[in-house]
Asker: 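One structure is given below, represented as structure tokens, and several questions about it will come after.
Sequence positions, counted from 1, serve as the residue numbers for this chain. FYI, side chains are in, hydrogens and waters are out, and symmetry mates aren't considered; it's all heavy atoms of this structure.
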Amino acid sequence: MKIDTRVKTHIKGFDELILGGFPKNSNILISGSAGTGKTIFSMQYLYNGATIDNERGVYFTFEEKKESLIEQANQFGWEIEKLEKKEKIKIISIGTDDISKNTVNDMIEIIKNTKSTRVVIDSITTLSFLTPESMQSGQINNHTIKRFLYSFLTKFKEIPNLTVLFISQKDEKVSDEIATYLCDGVINIDYESLGGDFSRQLTIKKMRKTKNDEDLHPMEISNNGIVIHNLE
């Protein structure tokens, strides 16, 4: 029996840009400025996985309240609360006051216990503050973040069949530059009107283990979620 080595997002127009989906067991960075659709893209990845591929997923957020994420999903008809009751999706909001040295290990434990194969972490910048040095001194630097993120991503790689999306604000240079180096794939979403109907543009900057389309692609946030178009 052939083993599927691709993780389909089922986002219209996207999977064909990376030969059918993300390579399984990859860490992918979703980078962009505020309001470009990073959260919607990531939530759609989890929702489609649960409803189409019967895969479990976890959304860890340090940035938004759980209720806010569910409200955003409801705009597209994604009934996240029903999927939570069926244990297909789990949304975990971690406030800054709740962050501790054990938070990362707790996240790993949740992923294993829920047998999730899709995970979203929002955001990589907040995650960088979980380094032991950062928590003690309240300051971060490239060396400590790089060492921490390398260790963290390695832990994720050790979980079989897990494919993770890390969200990052594009102007958060320290964590974004380091994560770009460490992650298997990098997707940028920008406001950059090219004279067409859509103001958002998606570019795949890199994707290990597969060929990928490197062109700019207009991105639409439709009533049913994200749609990626070809530039014509």
Side-chain angles (χ1 to χ4, degrees), residues 25-32 34 38-39 41-43 45-46 49-50 55-70 72-73 80-81 83-84 87-186:
N25 205 214
S26 293
N27 294 319
I28 310 296
L29 184 72
I30 310 294
S31 178
K38 304 182 300 298
T39 298
F41 185 103
S42 302
M43 184 63 75
Y45 164 71
L46 289 190
E55 293 186 34
R56 294 178 179 178
V58 183
Y59 195 115
F60 293 101
T61 175
F62 302 99
E63 304 289 332
E64 297 192 59
K65 296 291 186 182
K66 176 179 178 178
E67 294 75 16
S68 175
L69 290 172
I70 291 175
Q72 287 187 60
I80 301 299
E81 289 175 305
L83 291 172
E84 279 197 301
E87 298 184 344
K88 293 292 186 67
I89 287 180
K90 193 175 186 70
I91 298 178
I92 299 178
S93 179
I94 304 173
T96 53
D97 292 339
D98 298 321
I99 293 174
S100 70
K101 292 181 180 180
N102 296 321
T103 297
V104 171
N105 289 331
D106 291 342
M107 292 165 67
I108 297 291
E109 194 66 23
I110 289 169
I111 293 167
K112 291 180 177 179
N113 288 341
T114 58
K115 298 180 179 178
S116 294
T117 56
R118 300 186 182 216
V119 166
V120 174
I121 295 179
D122 185 3
S123 71
I124 193 76
T125 305
T126 307
L127 182 64
S128 67
F129 282 95
L130 294 175
T131 65
E133 293 89 343
S134 299
M135 297 192 71
Q136 289 174 7
S137 67
Q139 297 179 339
I140 58 175
N141 60 62
N142 287 22
H143 176 71
T144 57
I145 296 176
K146 186 173 183 178
R147 185 174 61 189
F148 171 76
L149 290 181
Y150 179 82
S151 173
F152 185 64
L153 296 179
T154 300
K155 289 181 181 179
F156 273 56
K157 287 286 189 181
E158 293 172 353
I159 302 176
N161 301 319
L162 183 67
T163 305
V164 187
L165 303 190
F166 292 92
I167 296 176
S168 176
Q169 292 285 352
K170 195 172 183 180
D171 55 354
E172 295 167 348
K173 293 183 179 180
V174 174
S175 57
D176 201 356
E177 288 175 0
I178 293 171
T180 297
Y181 171 74
L182 293 173
C183 284
D184 301 304
V186 178

Asker: Check F156 against I108 and note the closest heavy-atom contact, atom names and distance.
Answerer: CE1-CD1, 3.4 Å
Asker: If you look at every heavy atom in K66 and S93, which pair is closest and at what distance?
Answerer: N-CB, 3.9 Å
Asker: Could you give the distance from OG1 (T117) to CG (N161), rounded to the nearest 0.5 Å?
Answerer: 7.5 Å
Asker: Distance from L69 atom CG to T39 atom OG1, nearest 0.5 Å?
Answerer: 6.5 Å
Asker: What is the minimum heavy-atom distance between M107 and F62, and which atoms define it?
Answerer: SD-CZ, 4.0 Å
Asker: Could you go through the side-chain contact (heavy atoms from CB on, under 4.5 Å) check for F60 and I111 one step at a time?
Answerer: CA-CA 10 Å; F60 293 101; I111 293 167; 3.9 Å; yes
Asker: Taking the side chain as everything from C-beta on, heavy atoms only, tell me whether K155 gets closer than 4.5 Å to N105.
Answerer: yes
Asker: Roughly how far apart are L153 CG and S26 OG, rounded to 0.5 Å?
Answerer: 11.5 Å
Asker: Got more than 12 heavy atoms from elsewhere within 6.0 Å of NZ, K88?
Answerer: yes
Asker: State, with a plain yes or no, whether a side-chain heavy atom of I167 is found less than 4.5 Å away from one of Y59.
Answerer: yes
Asker: Would you name the heavy atoms of C183 and N27 that are closest together and state the gap between them?
Answerer: CB-O, 3.4 Å
Asker: Mind checking the CG-CE spacing from D122 to M43? Nearest 0.5 Å is all I need.
Answerer: 9.0 Å
Asker: Among L29, I121, V186, which residue meets the side-chain contact (heavy atoms from CB on, under 4.5 Å) test with S168?
Answerer: L29
Asker: Can you name the nearest heavy-atom pair linking S116 to L162, along with the distance?
Answerer: O-CD1, 3.6 Å
Asker: In terms of heavy-atom contacts, does NZ of K65 have more than 12 from other residues, nucleotides or ligands at under 6.0 Å?
Answerer: no
Asker: So, E81 side chain and I70 main chain: donor-acceptor pair closer than 3.5 Å or not?
Answerer: no
Asker: Of the non-hydrogen atoms in T114 and K90, which two are nearest, and what is the gap between them?
Answerer: CG2-CD, 4.0 Å
Asker: Working to the nearest 0.5 angstrom, can you tell me the gap between I80 CD1 and L46 CG?
Answerer: 7.5 Å
Asker: What distance do T163 atom OG1 and I28 atom CD1 have between them, rounded to the nearest 0.5 Å?
Answerer: 7.5 Å
